[in-house]
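Down below is the structure, laid out as structure tokens.
By convention in this document, chain letters (A, B, ...) are assigned in the order of the sequence lines, proteins followed by strands, and residues within each chain are numbered from 1.
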Amino acid sequence: MIFDAHCHIGREHSKSGSVSMNVDELLSNMNRNSIEKAVICSFGRGLTVDVINGNNEIAAAVKKYPDRFVGFAGANPWSEEAAVEELERAVKTLGLKGLKLHPDLQGFPASDELVLPLVEKSAELEIPVYVHSGTSIYSQPMEIGEMARSCPEATIIMGHMGYDNYFFDAIPAAKQSENIVLETSRNAQYWTIEDSISLIGADRVVFGTDQPYSEAEVEIARINTLKLDSETRRKILGENLSKILKERVRE
Amino acid sequence: MIIDSHTHIVESDAKREMEQNPRISADTLVKWMDRTGIDRAVTFTEKGLYSYDEKENDNIASATKKHPDRLIGFACVNPRYGDEAAEELERAIVELGLNGLKLHPWFQLFSCTEKIVEPVFDKVVKLKIPVLIHTGYDIFSGPLDVSDLADRYTEVPIIMGHSGCCGLWFDGIKAAKRSDNLYLEMSGNLSVAIEKMVSEVGAEKVLFGSDTPWVDPALEILKIKTLRICSRDKELILGENLRKLLVKWGI
């Protein structure tokens, strides 16, 4: 079973035009690539200045396809108490099962204590926190390591495991904090994934695609180029994430 | 036809930060090309990017002499060495028969906006060679820095390696739109970013690159093949553009 840890629904309004993906496009990509389930979250406005609507949209998509999608909530640390309240609403009322943070889009250093109330609330709600890493300077793996150390009860999924400029810090950060899980999407240096399996362990690596920024076919091909035994492959492609979400999620 | 505009030959012990350090000789590079259907490749040093070693240009020259139908060698000099670097560039092009220049502002500690690049670039003009410059969201490597250089040397064809990478691709597009002498090499970049390069700048300015051996070239080819662009544009990107440019540049 393939369980994709990272997809977006909606529209990103950015400097150079917009990137978008709707529910049907994502589902058809998933079907074509035998992806059974996917974590979905908002991007652009839905993650930064309009998180209430973003979360409602994610919840609506999950409600429509409950067997295919697991929704992660957006909450902006700058909204402080209101962000914590919105996260609680998104989880308890809307049924979302994780928190998505994007330090450079949301404008805070990942190591800043501004984010801690949200991370602590996630631990209390028993949901994982997915944090984008790599771009830009505020999303360095070692900064995410600080976040993870500040709240060892939270499960921190390090998106893109440092990406193409900070891949070398992803494994050291994960070595420091056992509550860090590394996510594979957009990771050009394929051996970072191999190294993370041998140095951190096959239980702490999860597969993701980052659609619509990357293609599911390419991301699966990346995993297929790795020399993995079948148990490790199963864990990375789905079992680990199922476990994280099932164990951490309050029904 | 597939022509790869970005490969490295790694035969030294110069270690990068990661655990693995795949060595790749000229013969191995050609084997990788055979495996993935790449007809020709522009190749340059890895070690020479972070240590000033003239022997690296000799190594690249012997690689291209061994595989003249498959490999196109680019020299590497560090602009920080001023006139000395310009002389070495002349030796590499005139005596060794290399065909272009590779620069890496981040590893070589210079900004393209600095006056220090002038001795090397004045030589580039005299030698009438193309230059491939690494770009990304690391320090010194912003596409707009390269754009400034392209505006100062309008007669020099400049290939923007990685097109700003996944963190600054939108600046790469802005730069390429206004400078006729800038080309966008897409290795390591996002599928959606490449689609935007095609729609906003035109497929004629986009060049395929793999960044072998740091990335599996099969994945970069798959990335082009899965783009939502017409098949003609895919052919242009994978090889046709560079084939025509090599003729134009007398290579």
Q. Would you find more than 12 non-hydrogen atoms of other residues, nucleotides or ligands less than 6.0 Å from A:Glu25 atom CD?
A. yes
Q: Report yes if the side chains of B:Trp214 and A:Phe167 come closer than 4.5 Å at any heavy-atom pair, otherwise no.
A: no
Q: Determine, for B:Lys225 against A:Glu215, whether the closest basic-nitrogen to carboxylate-oxygen distance falls under 4.0 angstrom.
A: no
Q: Of all the heavy-atom pairs spanning B:Tyr137 and A:Gly134, show the shortest one and how long it is.
A: CE1-O, 3.9 Å
(Q) Is it the case that atom CG in B:Leu109 sees more than 12 heavy atoms from other parts of the structure closer than 6.0 Å? (A) yes
Q: Taking the side chain as every heavy atom from C-beta outward, state whether B:Ser191 and A:Tyr213 have any atom pair closer than 4.5 Å.
A: no
Q) Considering all heavy atoms of both residues, which atom of B:Leu219 and which atom of A:Val218 are nearest to each other, and what is their separation? A) CD2-O, 3.9 Å
Q) Most heavy-atom pairs under 4.5 angstrom with chain A, which of B:Leu227, B:Leu168, B:Leu190? A) B:Leu190
Q: State, to 0.1 Å, how close B:Lys196 and A:Val19 come at their nearest heavy-atom pair, and which atoms those are.
A: CE-CG2, 4.2 Å
**Q.** Shortest non-hydrogen contact between A:Ala221 and B:Leu222, atoms and distance
**A.** CB-CD2, 3.4 Å
Q. Under 6.0 Å from the OH atom of A:Tyr138, do we count more than 12 heavy atoms belonging to anything else shown?
A. no
